[in-house]
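Only a predicted model underlies this, so the values are computations on that prediction, with no experimental measurement involved. Heavy atoms only: backbone and side chains are in, while hydrogens, waters and symmetry mates are out. Here is how names work: the chains are called A, B, and so on, in the same order as the sequence lines, proteins then strands, and each is numbered from 1.
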Amino acid sequence: MNNLAILIGPTASGKTALAIAIAKALNCEVISGDSMQFYRHMDIGTAKVTPWEQEGIPHHLIDIRNPDESYTVADFQKDCYRLVEEINQRGKLPLLVGGTALYVKAIIDGYTFSRETPGNDGFRRAKAEEAVGQAPGYLYRQLLAVDPAAAARISPEDNKRIIRALEVYEKSGVPLSAQAGKNPPPYRMVLLGIRMDRAELYRKIDQRVEEMMVNGLENEVKNLLAMGYGRNLKPMQGLGYRQMTAYLTGELSLKDAVDLIKRDTRHFAKRQLTWWRREERVHWLDAASPNIKEEAASYIRQQLPEI
RNA sequence: GCCUUGGUAGCUCAGUCGGUAGAGCAGGGGACUGAAAAUCCCCGUGUCGGUGGUUCAAUUCCGCCCCAAGGCA
């Protein structure tokens, strides 16, 4: 049976460093579960592990797409399952390190994505335009008609989810609610989470944003724009990139842009916490503990005795 | 020293023609199945600067005091 260790925690909580320590102690290869680190040329704003920091530990699913190439949860799930297999075959332990909770959940719960309906930008744009000028709830009423079960779980204001549900129905003929299920992989899994005092977390976030500025976030975004990667691309709407683009086009002062990055990152961290707060499978480690590395490694050893 | 304008939620401010007050932001909680660092939902009691007075009733009107900003000297 394949083993899989997973490390989760909000942004700036210290996942990267802890992952390296665990990997060295337990002979791991790291699989990145971060929806922004898939993209090349986006290093500073995503706080991507540098080659130096990797200390020779293999890292997967980093720098695998250009910013204008799509890479979805379903793609990730497929790649991650494959990697878990391969790494186990090498006699090593895969360590999934995730900031993007949806992606990690897709792995550990085995989300079953609808087969024939990958995202279709054309459809989405057309749907969004169709709703312009219509009464509120226009798209939601369409969804109620074709997939009431999905509609019941989606807010009438949440147009992105409404459009996706309509997309699945119209492209496949099968309601989203009838396709979305779970099929967890038969792995022996250990799930570790980093817990940090909220005020401390927010201080770390502010500090990290300042460091990104010193490290040249502005130039990184300038280069992306110069390469032709515009603000409409998904990864360019990520934290740091969106606000810096607004600064570079003169819509924000530098100070306002930096303040917004900090604020939006705090909001993001808060949302990340919501995903895991009541997840009983997580074994929480205190970020303030001086022995966190040893605690992490020994917990994994204890849960996966045969590694 | 005098004049003016302010002092209301953590911040910026609105408001009460006298019946103890509400927005935005911050902050908190939640949802999440092919955009997810995205998207969306819910949560507002605070000596209304202090102190006297008028009044059945003052955060609101009046006096004095304190603080801040601007102006005149």
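- When the P atom is compared between C32(B) and U45(B), the two are found 29 Å apart, to the nearest whole Å.
- As rounded to the nearest Å, C43(B) and C48(B) have P atoms that lie 25 Å from one another.
- Remark: Lys15(A) does not engage Asp34(A) in a salt bridge, criterion side-chain N to carboxylate O under 4.0 Å.
- G1(B) and A58(B) are spaced 33 Å apart, taking the P atom of each and rounding to whole Å.
- When the side-chain nitrogen and oxygen atoms of Arg278(A) are compared with OP1 and OP2 of G30(B), one or more of them lie within a distance under 4.0 Å.
- With no hydrogens or angles considered, no side-chain donor-acceptor pair links Glu157(A) and Tyr140(A) at under 3.5 Å.
- Across all strands shown, Thr265(A) has no heavy atoms under 4.0 Å from either base or sugar-phosphate atoms.
- The separation of C40(B) from G24(B), taken at their P atoms, amounts to 16 Å, rounded to a whole angstrom.
- The shortest distance between the side-chain N/O atoms of Tyr202(A) and the OP1/OP2 oxygens of G28(B) is below 4.0 Å.
- The CG-C1' distance, from Leu143(A) to U39(B), rounds to 15 Å in whole Å.
- Under 4.0 Å is where a charged nitrogen must lie from a carboxylate oxygen, and between Lys48(A) and Asp63(A) at least one such pair does.
- Atom CZ in Arg242(A) sits about 12 Å away from atom C1' in A36(B), given to the nearest Å.
- At the phosphate of A26(B), neither OP1 nor OP2 sits under 4.0 Å from any side-chain N or O atom of Arg266(A).
- Residue-to-nucleotide contacts include no donor-acceptor pair under 3.5 Å from the side chain of Arg125(A) to the base of A35(B).
- To the nearest whole angstrom, the two P atoms, one in G52(B) and one in U60(B), are 13 Å apart.
- Remark: U39(B) base-pairs with A31(B); criterion is Watson-Crick or G-U wobble with both hydrogen-bond distances under 3.5 Å.
- In a base pair of the Watson-Crick type (N1 to N3 plus N6-O4 or O6-N4) or a G-U wobble (N1-O2 and O6-N3), with each distance short of 3.5 Å, G52(B) is matched with C62(B).
- Residue Glu170(A) is tested with Lys127(A), Arg164(A), Arg124(A) for a salt bridge (charged side-chain N to carboxylate O under 4.0 Å, His left out); the sole match is Lys127(A).
- The CG atom of Asn183(A) lies 12.0 Å from the CZ atom of Phe113(A); values are rounded to the nearest 0.5 Å.
- For Arg124(A), the listed nucleotide lying nearest its side chain is G34(B); candidates were C32(B), G29(B), G34(B).
- Rounded to a whole Å, the CG atom of Leu102(A) is 6 Å from the C1' atom of A36(B).
- Checking G22(B) for Watson-Crick or G-U wobble geometry (two distances, each under 3.5 Å) identifies C13(B) as its partner.
- Residue Arg263(A) has a polar side-chain atom (N or O) positioned under 4.0 Å from OP1 or OP2 of A26(B).
- Checking C40(B), A26(B), U33(B) against the side-chain heavy atoms of Leu176(A) singles out U33(B) as nearest.
- Put simply, Tyr103(A) has a side-chain N or O that comes within less than 4.0 Å of OP1 or OP2 on A36(B).
- In this structure, the CD atom of Gln272(A) is 16 Å from the C1' atom of A31(B), given to the nearest Å.
- Here the nucleotide nearest the side chain of Ala180(A), chosen from U33(B), A36(B), C40(B), is U33(B).
- When the side-chain nitrogen and oxygen atoms of Arg198(A) are compared with OP1 and OP2 of G28(B), one or more of them lie within a distance under 4.0 Å.
- In this structure, the CZ atom of Phe268(A) is 13 Å from the C1' atom of C32(B), given to the nearest Å.
- When the side-chain nitrogen and oxygen atoms of Arg153(A) are compared with OP1 and OP2 of C32(B), one or more of them lie within a distance under 4.0 Å.
- Within 3.5 Å, no donor on the side chain of Lys270(A) pairs with an acceptor on the base of G27(B), nor the reverse.
- Rounded to whole Å, atom P of U33(B) lies 16 Å from atom CD1 of Ile107(A).
- Nucleotides G53(B) and G10(B), compared at atom P, are 30 Å apart to the nearest Å.
- Among the atoms of the strands shown, base atoms are found under 4.0 Å from some heavy atom of Lys182(A).
- Taking atom CG on Asp75(A) and atom P on U33(B), their separation rounds to 17 Å, with Å as the unit.
- Pair assignment for G70(B): C3(B), on the basis of Watson-Crick or G-U wobble contacts that are both within less than 3.5 Å.
- A residue-by-residue look at Glu157(A) and Asp34(A) shows that Asp34(A) has its nearest nucleotide of RNA chain B further toward the 5' end.
- The CZ-C1' distance, from Arg277(A) to A31(B), rounds to 13 Å in whole Å.
- Following chains of ILVMFWY side-chain contacts shorter than 4.5 Å, one can reach Leu248(A) starting from Met212(A), so the two form part of one hydrophobic cluster.
- Residue Gly45(A) is in base contact, counting any heavy-atom pair closer than 4.0 Å across all strands shown.
- With C1' as the reference atom, G18(B) and C42(B) are 35 Å apart, rounded to whole Å.
- Nucleic acid contact for Thr100(A): sugar-phosphate only, since backbone atoms but no base atoms lie under 4.0 Å from a heavy atom of the residue.
- Across all strands shown, Thr112(A) has heavy atoms under 4.0 Å from base atoms, whether or not it also approaches the sugar-phosphate.
- Comparing atom distances between the Thr72(A) side chain and each of C40(B), G34(B), G30(B) picks out G34(B) as nearest.
- Ring planes of Phe38(A) and Tyr103(A): parallel class, angle under 30° (limits at 30 and 60°).
- Under the 4.0 Å criterion applied to side-chain N and carboxylate O atoms, Arg125(A) and Asp121(A) are not assigned as salt-bridge partners.
- Distances shorter than 4.0 Å separate none of the side-chain N or O atoms of Arg271(A) from OP1 or OP2 on A31(B).
- Residue His267(A) places none of its side-chain N or O atoms closer than 4.0 Å to OP1 or OP2 of G28(B).
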